[in-house]
Amino acid sequence: MAAMTVLTGVREREHAIDVARENLQRLANLAAANEAQSLEGARQILRDLSSIPDLLDNQDDCSVLLSDILSKNTDYVNFGLIQLNGDVTCSAVAATRLVNLSDRAHFRRAIAERRFIASNYVFGRVIGKHTINLTFPVIKNGEVRAVLFAAMDLAELDKFVLDVHLSPGSVLWTVDGQGTAISRRPDPASWFGKPIAPHLRQAVAARPEVPVLLTDTDGVERLYAFARVGKPDISDYTVIIGMPYDEIVANATRDQLIAVVGLVATVTLALLAAWFGGDMLIVRRVQALARTANRIAGGSLDTRTGLRYEDEEIGALARSLDEMAQALQKKEQERDVASASLQAADRRKDEFLAMLAHELRNPLAPISSGAQVLKMAHADNPAVARTADIIARQVEHMTRLIDDLLDVSRVTRGLVKLNRQPLDLRTVVEDAVEQAYPLFKSKRQQLELDIPHVPIGINADHKRMVQVIVNLLNNAAKYTQEYGHIRVKLQRDGALVRVEVADDGIGMAPELVARVFELFTQAERTSDRSQGGLGLGLALARTLVTLHGGTVRAASAGPQQGSTFTVELPYVEAPALPDAAGMPAAGSKAARPGALRCLVVDDNVDAAQTLALFLEAAGHAVQVAHRAGEALELARRHAPELCFLDIGLPDIDGNQLARQLRALPQTSGAQLVAVTGYGRKEDQEKSIAAGFDQYFVKPMDTAKLVQLLSMMRPEVVK
């Protein structure tokens, strides 16, 4: 009975909605037909006027004629003639000044399309009313000579749908091609020229063939029908009629309520019979157990049966159910505590890693800059230059370790977003080899490249794929002896492309091959750990390859028999290579920059001084500050062109300092460069939003710094 009641109610509701859809669409079509008929009448009037031979000859006679036409057509508020330059030279309503309508889109369309055009909503410049303009070109000898227009008051347009009877709470709109109201019931005057709600505008654009259910801005759910006003050569208008959903299903709801009441009465009688005919005590207790079990299953673990534990089956079941709920509640509480503890630990780990990177990069920055200054100042001393190179290489190695550690943290938490685009994998491999080549050179290893002459396309993030290949090359170099051999092979295999990095180094045992891509996994090292690293590179490479939809695997014949790492990625058509004529020459050098006024702000005295020494060695004038207040004073006095700002300053942070420098007239156009130990993406986005032009992570990449300086003020090559 319950099933039949529900099914009947659903069918009645669906039937009521189907009937309402048909009636509502019929009403919308009727209203659209009425409005289309009025527009068709206007087109006929304008067509007849355009055929009058003397219409263009005498302005006064034309105005008299149009005034007579206006007096006989009360649906309109003006008729007029527009010259091709937009001037209204003939009008049924006299204008106090010359009116030019060259900016009206409907005027331009009537000339261009040589046909009748119904405009979007227009506020009349001559009559000062809400109107639509109906335009028709005057064509003489095959050429458009002028444009006739008839202005219809929107209040008059509204009367063409007065015979459409709407129920209380229903609305009727007529909108133009831009979604602007040109007719509405009820309360039309307050809606003329206003845009309809976005959800209605989207529905009009979709032009549904059957009415759709939408929730309006007043919170009322209505069934909306849509009908175009005339054919496309008549107008772009649409009639929209919406009827409250509650009113549509009111009768069905009332019938369904009556059926439900009858069902409840029947069920009540059946329950009374069962209660009188059965054991009331057992039924109630079993129902209490069932309710408790359902609540526990629904997650309410604090629910208890509330029954006494007697020496019979139901009492034993109640005791077991309560004990189970208590045990589940305890485990749930323990899990919540453990989850909160894990989240807190994960958050502390992320904060620790970010702070660790910042604190490690801070001392690396002055070391790196100091090494560059030593190299520049003592270029003629081989021992000093060699020492500076050693320091720079070790700083770069430390920086790579920090970046790998942070990259692994970001990748494992799903914070890495790939900027995928069609690439030539050959270019990716060449860029990776260029980065890893210093390591091969330092160990005097031989690198063999087997790269085809045709492009091999992939869809990937260039920076991340270079990082993958560099990690594989660095791994091969670390575990291959001096004068060893490393081979990189690139080939296409059907729908896949394959990159192989093979070496004749120390190889791997089978148990190491199985877990070589796990975090912190490393082969046996010498006691001095001369190879370095944290065992992060291969784990990071596997994750990045997987994000690209590829696979990476390792193979080795055994210890001292070398290793092979293979990356496979889906093949795509290779992108078109840029014209070689547009590429810079291989041996070209950036023009040496002229002297710049520089400001260095860093609370780390060593970092500030070493960067200043580097800039001074490059021929620039440098001012140094260790606090934001001191930096602002120096900026006012010296008007620096290039400012290097640390983010973690003691008085205010570098982002706030950047905003204050932008507000100063002396530094409003200066180049602001953030120099910080914080390398997270969110830190970089925050600094760029604060007004920084560049973002450098400590230690600074001196090659990029030299490039920035050369771009700031290049010399003219004569």
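What you see is a predicted model; the values in this text were computed from it and never measured. The residues of the chain are indexed from 1 along the displayed sequence.
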[X] [atom1]: over 12 foreign heavy atoms closer than 6.0 Å:
X	atom1	result
E209	CD	no
K331	NZ	no
H15	NE2	no
Q421	CD	yes
R11	CZ	no
R145	CZ	no
R97	CZ	no
Q326	CD	no

Taking the side chain from [X] and the backbone from [Y], do they hold a donor-acceptor pair closer than 3.5 Å?
X	Y	value
S119	N133	yes
S235	V229	yes
N120	G177	yes
Q25	F226	yes
D461	L418	no
T131	V122	yes

Quick one: pull up NE2 in H130 and CZ in F123 and give me the separation to the nearest 0.5 Å.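 Between H130 NE2 and F123 CZ, I get 5.5 Å after rounding to 0.5 Å.
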
To the nearest 0.5 Å, what is the distance between CG on L81 and CG on L56?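 Nearest 0.5 Å value for the CG-CG distance: 6.0 Å.
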
Using salt bridge (Lys or Arg N to Asp or Glu O under 4.0 Å), reason through D233 and R43 one step at a time and then give a plain yes or no. CA-CA 11 Å; D233 62 342; R43 180 165 69 169; 3.5 Å; yes

Could you tell me which residues satisfy side-chain hydrogen bond (donor to acceptor under 3.5 Å, both in side chains) with Y224, sequence neighbours excluded, listed by chain and number?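 Checked Y224 against side-chain hydrogen bond (donor to acceptor under 3.5 Å, both in side chains); matches are D216.
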
Under the side-chain hydrogen bond (donor to acceptor under 3.5 Å, both in side chains) rule, collect the residues that match up with D322, sequence neighbours excluded.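 Listed in chain order: T305, Y309.
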
Cut-off 3.5 Å, side chains only: do [X] and [Y] have a donor facing an acceptor?
X	Y	answer
S102	N100	yes
N23	R26	yes
S339	D336	no
N85	D87	yes

side-chain hydrogen bond (donor to acceptor under 3.5 Å, both in side chains) between S91 and N78: does it pass, once the steps are laid out? CA-CA 7 Å; S91 175; N78 195 12; 3.3 Å; yes

Show your reasoning for whether side-chain contact (heavy atoms from CB on, under 4.5 Å) applies to V212 and L223. CA-CA 6 Å; V212 295; L223 188 66; 5.8 Å; no

Does the side chain of [Y] come within less than 4.5 Å of [X]'s, by heavy atoms?
X	Y	result
V171	R185	no
T546	T551	no
N29	V239	no
L569	M465	yes
T180	V175	no
L66	C62	yes
D176	I132	no
I52	L65	yes

Going through the distances and angles, do L321 and L289 end up as a side-chain contact (heavy atoms from CB on, under 4.5 Å)? CA-CA 8 Å; L321 196 58; L289 292 175; 4.2 Å; yes

Do NZ/NE/NH1/NH2 and the carboxylate oxygens of D236 and R228 come within less than 4.0 Å?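 Counted as a salt bridge, because a side-chain N and a carboxylate O are separated by less than 4.0 Å.
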
Salt bridge or not between E332 and R335? Use side-chain N to carboxylate O under 4.0 Å.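 Looking at R335 together with E332, the answer is yes, because their closest N to O distance falls below 4.0 Å.
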
Per the side chain to side chain contact (heavy atoms under 4.5 Å, CB included) rule, which among I196, L214, T174 passes with I240?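 Passing option: I196.
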
Audit row: R420, H548, side-chain contact (heavy atoms from CB on, under 4.5 Å) steps and yes/no: CA-CA 9 Å; R420 301 179 69 165; H548 282 85; 4.2 Å; yes

Using the ring-ring contact (aromatic ring centres under 6.0 Å, His included) rule, collect all pairs that involve residues 68-108, keeping only residues at least two apart or in two chains.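 Qualifying pairs: Y76-F79.
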
Begin from the C-alpha positions of I182 and Y121 and carry the test side-chain contact (heavy atoms from CB on, under 4.5 Å) through to its verdict. CA-CA 6 Å; I182 59 176; Y121 164 81; 3.9 Å; yes

